[in-house]
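Every heavy atom of this structure was used, including side-chain atoms; hydrogens, water molecules and symmetry mates were not. Only a predicted model underlies this, so the values are computations on that prediction, with no experimental measurement involved. Order of the sequence lines fixes the chain letters, A, B, ..., with proteins taken first and strands second; residue numbering starts at 1 for each chain.
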Number of protein chains: 2
Amino acid sequence: MRKFAAEKSKKLLAHRKIFAAVLQNPTVSFNSSLSSAHSQNYLPHSSFLPRFLSSTAANPIAPSESMASDYSSTPVKIDSINPKVLECEYAVRGEIVNLAQKIQEELKVNPDSHPFDEIIYCNIGNPQSLGQQPITFFREVLALCDHPSILDRAETQGLFSADSIERAFQILDQIPGRATGAYSHSQGIKGLRDTICAGIEARDGFPADPNDIFLTDGASPAVHMMMQLLISSKNDGILCPIPQYPLYSASIALHGGSLVPYYLDEAMGWGMEVSELKNQLETARSKGINVRALVVINPGNPTGQVLAESNQQQIVDFCKKEGLVLLADEVYQENIYVPDKQFHSFKKVARSMGYGEKDISLVSFQSVSKGYYGECGKRGGYMEVTGFAPEIREQIYKVASVNLCSNISGQILASLVMNPPKVGDESYESYTAERDAILSSLARRAQTLEDALNGLEGVTCNRAEGAMYLFPRIQLPNKAIEAAKSVNTAPDAFYARRLLNATGVVVVPGSGFGQVPGTWHFRCTILPQEDRIPAIVTRLTEFHQAFMDEYRD
Amino acid sequence: MRKFAAEKSKKLLAHRKIFAAVLQNPTVSFNSSLSSAHSQNYLPHSSFLPRFLSSTAANPIAPSESMASDYSSTPVKIDSINPKVLECEYAVRGEIVNLAQKIQEELKVNPDSHPFDEIIYCNIGNPQSLGQQPITFFREVLALCDHPSILDRAETQGLFSADSIERAFQILDQIPGRATGAYSHSQGIKGLRDTICAGIEARDGFPADPNDIFLTDGASPAVHMMMQLLISSKNDGILCPIPQYPLYSASIALHGGSLVPYYLDEAMGWGMEVSELKNQLETARSKGINVRALVVINPGNPTGQVLAESNQQQIVDFCKKEGLVLLADEVYQENIYVPDKQFHSFKKVARSMGYGEKDISLVSFQSVSKGYYGECGKRGGYMEVTGFAPEIREQIYKVASVNLCSNISGQILASLVMNPPKVGDESYESYTAERDAILSSLARRAQTLEDALNGLEGVTCNRAEGAMYLFPRIQLPNKAIEAAKSVNTAPDAFYARRLLNATGVVVVPGSGFGQVPGTWHFRCTILPQEDRIPAIVTRLTEFHQAFMDEYRD
């Protein structure tokens, strides 16, 4: 069972309360004073985001002082560890999830201990944990590459599709010595990078260079690598959307930099305004912050918005003009659910504008964890690094080489998602059927949940155009806000905790992602299997009604 | 093709030359003034180690200034990146390896371009890249877990062993929803951690707790996590052996700490003297360094020594007395080649001495990349974290959770190597035959190479008791040292480069690992397949003879 930070760590974290107080200010209204509120909110650390989660008095299993003192003769104390580690938070696996795991254990011991049978994890984009099945072709190839000695056996042809066998042979031929158990080149196996580049070229219509590809264990290590490169101290700032995926705030905190927030405009469908970027950049610069990069998440996490190409062009121009590295989180590139939007990579947009390799520094992150494949456990991904001088690229390579290479199965899978079966391949029909079933079901689930949320009293929810999440806003009654304050908990965390205790549904409070001060949200995935969505809607609706009945002003 | 750091980065690294000068001092003799020489060598950064590699004038493909200036309009310059990244070096994939890759490309274009047919990579412990075959049972289980839908098919029984099918079912039952494509708990799948603990208990005879296990993508990320926790600034020091595996120096540099070197005694078979530990600790403390931890690599990398239990007891007592975390790199625990040595985990030693959970902070690192399995590409491993207060453990968990989890195939493999087939299992005989063939062949290869090296003029090589390496000392003639200096290259790097150019054999210069000033070494793996060892010995002997003939004083 996870335990939470003890009293000592609370004291060390007390400085956060300053920021918490700013963000908690309920007098700031969302629509009327957006820009002035934002310009006050430049924060020297990202740690403000999930501030309540680590210091709540409602902590259910905090160790007592006497427990902690049992370790008094061991050398590492909470006040002697790296303060950057203390400051880092990651709400997607934070306190609410810990509580859910505790309840899950209680349900195992006593199935009647809670008013529901099971925990439904809507906190994390982890499709296969909720029953999504892997794409057969991808798994066939992975299995064959894991155990190549069966490739020539007659039984194998009965068990595996012909094109999976052929693909496995192709991949093995790309690996020196066919050694799937060997460390690869630190950027990943060259032949797989070639395949990925062919996929990028087919997607974008512009060339891609395998020397630009760094294969990684999911997108997270790639983000860390770029933050490590760009951040020397608190004086280095990274522009991040608010709300944001908390990997970014966590990584900036771990590397000791400053998160420079820019706010997405909820009233405009979580739109991204260059004027807001400009304001926040200038505010940060006026405080001596050297802003190094701009993070854009498209399709958005947690917001689900898909950027229009014209908006992307503005962003590219902004980065070019202001000398910022554009860090483009494009891991949801295949998760788009509305006919009026489509994915354009930032590289395609930049190249279409005439900007070449020497004009703009752009890093695109991709992952096998998302899309229709949802292979989170395989930890595959890559970043495409363009527009960096050779001596900088050498430094990125060096950092990659310290960890030797990413896992080969993840590398292979990254090549497969960028080069799936084609027309004429034996698996093509079954592959497209599996893919389309997943994507169309996700679109229906997004719509059903969006409609349900918008039907709740005081709740508004933008369209889930893409990604795997909804990020509804809740107009919490003052009585609920007061009740949350009385237990030293953020109002949205208070709501999420009550939701969990009443229904078993796990969501992440908006404070884990950042939100306009005085507004409250939660992130909920669209990933429970489709036949379970009606029951979830019912539970959610009943809970919300009861909650409002209890706290309505 | 990899490019090396440009002129600008050389200037930024010029401060290293101060340390380089200290280490280069040829007046320090190894045997007579060991301790006094060492006490002068406290270094505020680990970056001294491969200092020559990053600043050699012999750089074959450094970009010209004009090339670099093509990127003048991009925002990231070599003097604007994190200086910790610049300082970090990792010689195992450093300059000599880059040169080897270049030669390999040249051989592809023109097989007659060099006086050999192929490159033999003895620079890295990467057994399967040199032809070692994976253990069949492990790969069977991995393949079945990758594609579980074939488990019930009749053909599968013809292709896979009965116990691999049974084991795959067992593992799938341990994974919630049988979802091998889902993110797991951030410490790894609980059932796999249970299995690993059973293996640790069987090995040590002391209990192991699955809550202490953090599964990781190889051992490297685990080492980084501990360094990140312990290092806040340059004032935090980590005691590391010299010579050391440069992951440690790289990780300390990346986290901005200070490497506090302690020297292994080459004359005593790379023995570890507590008096040396004490001297270096006191020297560091006198300079205001807060020494947080002691790294021990057992069996040793690059030295191959296996610590005696009595020596381990001294080390445990030293850490206990001095309040140091003991970071035990035990990834070569199954690689022991001499009958008079055996592996004892530091946890077993500490528990045998009566030290419990609350008495000593101890982290043990294990990897699937080493042992007889050598599954480097799978990126599996774990650390067992004992003797940390709950609030510290919570911080380690939090950092692990930011990256979600390690790859599931690597997790499964880590459980397999800690719980291989048992007597009575269908695979037991083939498994033991494969395992014993690899280990006995490695022992013969180690002995053959050790004998060959000791037969060379001016070369002495300690026993390879374990691990995968030999670390011979070369008494380089003064003329060779002068020739190296004239091209601004470390003498051992000069030797390694000449060896590569003459034979195609890639070794890593001792300066990449650290060595007593004025002594020169290289690290050579024992991993080329056994039938190729005689030819390697011949090439090496002929090269060395010619080299000495050229430079003999």
Legend entry - Atom pair OG/CG of Ser406(B) and Asn407(A) - distance to nearest 0.5 Å: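 One finds 9.5 Å between OG of Ser406(B) and CG of Asn407(A).
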
Legend entry - Inter-residue atom distance Gln395(A).CD - Asn82(B).CG, 0.5 Å rounding: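 Here the rounded value is 10.0 Å.
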
Inset, instruction - Tell me whether the centres of the aromatic rings in Tyr397(B) and His185(B) are closer together than 6.0 Å. - result: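 Yes, they do, as the ring centres are separated by less than 6.0 Å.
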
Heavy-atom cut-off 4.5 Å, strictly under: side chain, backbone, both or neither for [X] against chain A?
X	value
Leu159(B)	both
Phe138(B)	neither
Asp217(B)	side chain
Val399(B)	side chain

Legend entry - Pair Glu375(B) + Arg139(B): basic N to acidic O under 4.0 Å: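 Yes.
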
Legend entry - Pairs of heavy atoms under 4.5 Å with chain A: top-ranked of Ser184(B), Ser232(B), Cys376(B), Ser401(B):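 Answer, by heavy-atom pair count under 4.5 Å with chain A: Cys376(B).
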
Legend entry - When Leu230(B), Ile360(B), Leu404(B) are compared by non-hydrogen pairs under 4.5 Å with chain A, the top option: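 Of the options given, most contacts go to Leu404(B).
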
Interface moiety of [X] toward chain B, non-hydrogen atoms closer than 4.5 Å:
X	answer
Arg292(A)	side chain
Cys145(A)	backbone
Ser186(A)	both
Pro176(A)	neither

Legend entry - Test item: Ser129(B) side-chain N/O and Ala182(A) main-chain N/O as donor-acceptor pair under 3.5 Å: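 Looks like no, no N/O pair under 3.5 Å.
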
Legend entry - N/O donor-acceptor pair under 3.5 Å between Ser73(B) side chain and Lys358(A) backbone: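 At least one qualifying donor-acceptor pair exists.
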
